[in-house]
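FYI, the numbering just counts along the sequence from 1.
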Amino acid sequence: MTDKERNADLAALILRLVTGAWFLTHGLIKLFIFTPAGTAGYFQSIGLPGALGYLTMLAEIAGGLALLAGIATRWVSLVMAAVLLGATIFGHAGNGFTFSNPGGGWEYTVLWAVVMVALSLLGDGRWSLVKRA
């Protein structure tokens, strides 16, 4: 194994663990703090179907667990990038660039979407529950 391959595997592991924990935390906050009904209500308050709140919560929890384990990383990362871009368009775009703006600007969600695209290019990496072909 070359240094380049070892570094790519390490990069994939770091990104999977950090983003997986981040998504899992956000999904669990929606589940236990905001509650499913509260999450659906928020989605409705910004003009989206309430069911999308439930789907987002599920995607964050299941996606976070999959990333932590290294299962289907390429596909999960692309799905999560789409979730983040949806959050950008519907939740943050009107609040300016800086995330410290009231309501949170779009810089943070776009940054994480780009990170997810990069992780989709790296894939699971060596340290995952999935064996590479």
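Looking at every heavy atom in both residues, Lys30 comes nearest to Met57 through C-SD, 3.7 Å. Taking every heavy atom of both residues into account, Met116 and Ala81 meet most closely at CB-CB, 3.9 Å. Minimum heavy-atom separation, Trp127 to Leu10: CZ3-N, 3.6 Å. Nearest heavy-atom pair across Tyr54 and Pro36 is CE2-CB, 3.4 Å. Across all their heavy atoms, Thr56 and Val83 have their closest contact at CG2-CG1, 4.1 Å. Here the closest non-hydrogen pair linking Leu122 and Arg74 is O-NH2, 3.7 Å.
Between the Arg16 side chain and the Asp124 main chain, a donor and an acceptor come within less than 3.5 Å of each other. Although no hydrogens or angles enter the test, the distance criterion places no donor-acceptor pair under 3.5 Å between the side chain of Thr98 and the main chain of Ser100. Asn95 contributes a side-chain N or O that, together with a main-chain N or O of Gly103, makes up a donor-acceptor pair within less than 3.5 Å.
In this structure, a donor-acceptor pair under 3.5 Å is present between the side chains of Thr109 and Thr88.
Put simply, the side chain of Trp22 does not reach to within 4.5 Å of the side chain of Thr25, judged on heavy atoms.
Between Leu24 atom CG and Ile29 atom CD1 the span is 10.0 Å, to the nearest 0.5 Å. Taken to the nearest 0.5 Å, the CD atom of Glu60 stands 8.5 Å off from the OG1 atom of Thr39. Between the OG1 atom of Thr73 and the CG atom of Leu129 there is a distance of 9.5 Å, given to the nearest 0.5 Å. For the atom pair CG (Leu67) and CG (Leu119), the distance works out to 6.0 Å, reported to the nearest 0.5 Å.
For Tyr108 and His92, the distance between ring centers is not under 6.0 angstrom.
Clustering ILVMFWY residues whenever any of their side-chain heavy atoms sit less than 4.5 angstrom apart, transitively, puts Leu84 in a cluster other than the one holding Ile46. Transitive grouping of hydrophobic side chains (ILVMFWY, heavy atoms separated by less than 4.5 Å) brings Leu15 and Met80 into a common cluster. Hydrophobic clustering (ILVMFWY, side-chain heavy atoms < 4.5 Å, transitive): Leu65 and Leu17 are in one cluster. Following chains of ILVMFWY side-chain contacts shorter than 4.5 Å, one cannot reach Leu58 starting from Phe43, and the two form parts of different hydrophobic clusters. Leu78 and Leu85 fall into different hydrophobic clusters, defined by Ile, Leu, Val, Met, Phe, Trp and Tyr side-chain heavy atoms under 4.5 Å apart, directly or through other members.
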Derivation of the side chain to side chain contact (heavy atoms under 4.5 Å, CB included) call for Val79 and Val76: CA-CA 5 Å; Val79 168; Val76 170; 5.7 Å; no
Check against side chain to side chain contact (heavy atoms under 4.5 Å, CB included), Tyr42 and Phe34: CA-CA 9 Å; Tyr42 170 73; Phe34 300 138; over 6 Å; no
Evaluation steps, side chain to side chain contact (heavy atoms under 4.5 Å, CB included), between Arg126 and Glu5: CA-CA 9 Å; Arg126 177 179 284 292; Glu5 290 169 324; over 6 Å; no
Stepwise salt bridge (charged side-chain N to carboxylate O under 4.0 Å, His left out) test for Arg6 and Asp3: CA-CA 5 Å; Arg6 207 173 358 263; Asp3 285 343; 2.8 Å; yes
Step-by-step side chain to side chain contact (heavy atoms under 4.5 Å, CB included) determination, Phe99 to Val110: CA-CA 10 Å; Phe99 199 70; Val110 170; over 6 Å; no
